[in-house]
Each structure stands twice: as structure tokens, then as C-alpha cells.
Undergrad: 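Next up is a structure, given as C-alpha cells.
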Amino acid sequence: MQNRVDWTAAGWSWATAPLRLALECRVGIEWGAMVAAQPVLRRMPQGDGHAVLVLPYLFGSDLTTQPLRTSLACLGYQAVPAGLGLNLG
């Protein structure tokens, strides 16, 4: 017998799967918003070199936090990736 995962116990539902998949279309918009926000981010207070731990969002990884860590590094902070791999919650 195969081991089956009960996705409904974790709050997943096949009925909402198309909606969750449609949310992935935001990646281009979010990337454009990050690029457009660069002038504002550059005017933020300069850091003093202390470390800042950047945690990825749900189902994100250190790769998804790279733009934020780059902005923080340009401001003088030592942006540290979480190193947790894929954030599964």
C-alpha cells in the first residue's frame, strides 16, 4: 500500500488549487515593483554593519530573498541568508 499524504489536514484543497496557481502569475509584477522601489530603498537609513537575518516567505528560499539582501547590503547592513532551504512552514 502506498503512503498517501492527506493534504486536507494541512489546509490544502483541490477546489482552491487553481486560485493558488493563479497567484504565481504575480512574479513579474513583484519583480517590477522591487525594481521600481530601488530609489526609495536607497534613501533608507544607512546601516552600521550589524547582521540582519532575512527569512524567506512560505515556500520561498534564500534565492527569493536575494533582491532584499542586496538592497540591505548596499545600505551597509550585513544581510545574512537564513540557510534553511525551502521554507515549508
Side-chain angles (χ1 to χ4, degrees):
M1 183 168 160
Q2 295 178 347
N3 292 336
R4 299 187 120 193
V5 177
D6 184 14
W7 292 105
T8 57
W12 291 83
S13 168
W14 290 111
T16 60
L19 177 62
R20 288 192 315 268
L21 185 59
L23 291 175
E24 297 303 319
C25 297
R26 303 178 304 177
V27 70
I29 296 169
E30 290 179 3
W31 183 259
M34 183 68 180
V35 170
Q38 288 303 312
V40 175
L41 292 174
R42 302 252 187 252
R43 288 185 292 192
M44 296 194 58
Q46 293 294 314
D48 57 1
H50 70 275
V52 176
L53 178 64
V54 180
L55 298 172
Y57 53 82
L58 186 61
F59 300 118
S61 66
D62 289 332
L63 182 63
T64 60
T65 62
Q66 182 63 45
L68 176 59
R69 288 186 285 125
T70 301
S71 295
L72 289 171
C74 289
L75 290 171
Y77 295 95
Q78 180 187 354
V80 180
L84 302 173
L86 187 65
N87 181 3
L88 297 176

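Here, residue 1 is the first one in the sequence, and each next residue gets the next number. Everything numeric in this text was worked out from a predicted model, so none of it was measured.
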Undergrad: Which residues pass the side-chain contact (heavy atoms from CB on, under 4.5 Å) test with Gln66, sequence neighbours left out?
TA: Arg69, Thr70

Undergrad: More than 12 foreign heavy atoms under 6.0 Å from CG of Leu58: is that the case here?
TA: yes

Undergrad: More than 12 heavy atoms of other residues, nucleotides or ligands under 6.0 Å from CE of Met34: yes or no?
TA: yes

Undergrad: Tell me the closest heavy-atom pair linking Pro39 and Ala36, and the distance in Å.
TA: CD-O, 3.3 Å

Undergrad: Counting only pairs under 3.5 Å, give me each side-chain donor-acceptor contact of residues 73-89, with atom names and distances, residues two or more places apart or in other chains.
TA:
from	atom 1	to	atom 2	distance (Å)
Asn87	OD1	Gly89	N	2.9
Asn87	ND2	Pro56	O	3.0
Asn87	ND2	Tyr57	O	3.3

Undergrad: What are the two closest heavy atoms between Leu68 and Val54, and how far apart are they?
TA: CD2-CG1, 3.8 Å

Undergrad: What side-chain hydrogen bond (donor to acceptor under 3.5 Å, both in side chains) pairs are there with at least one residue in residues 44-56, not counting sequence neighbours?
TA: Asp48-His50

Undergrad: Minimum heavy-atom separation for Thr64 to Pro67, with atom names?
TA: O-CD, 3.8 Å

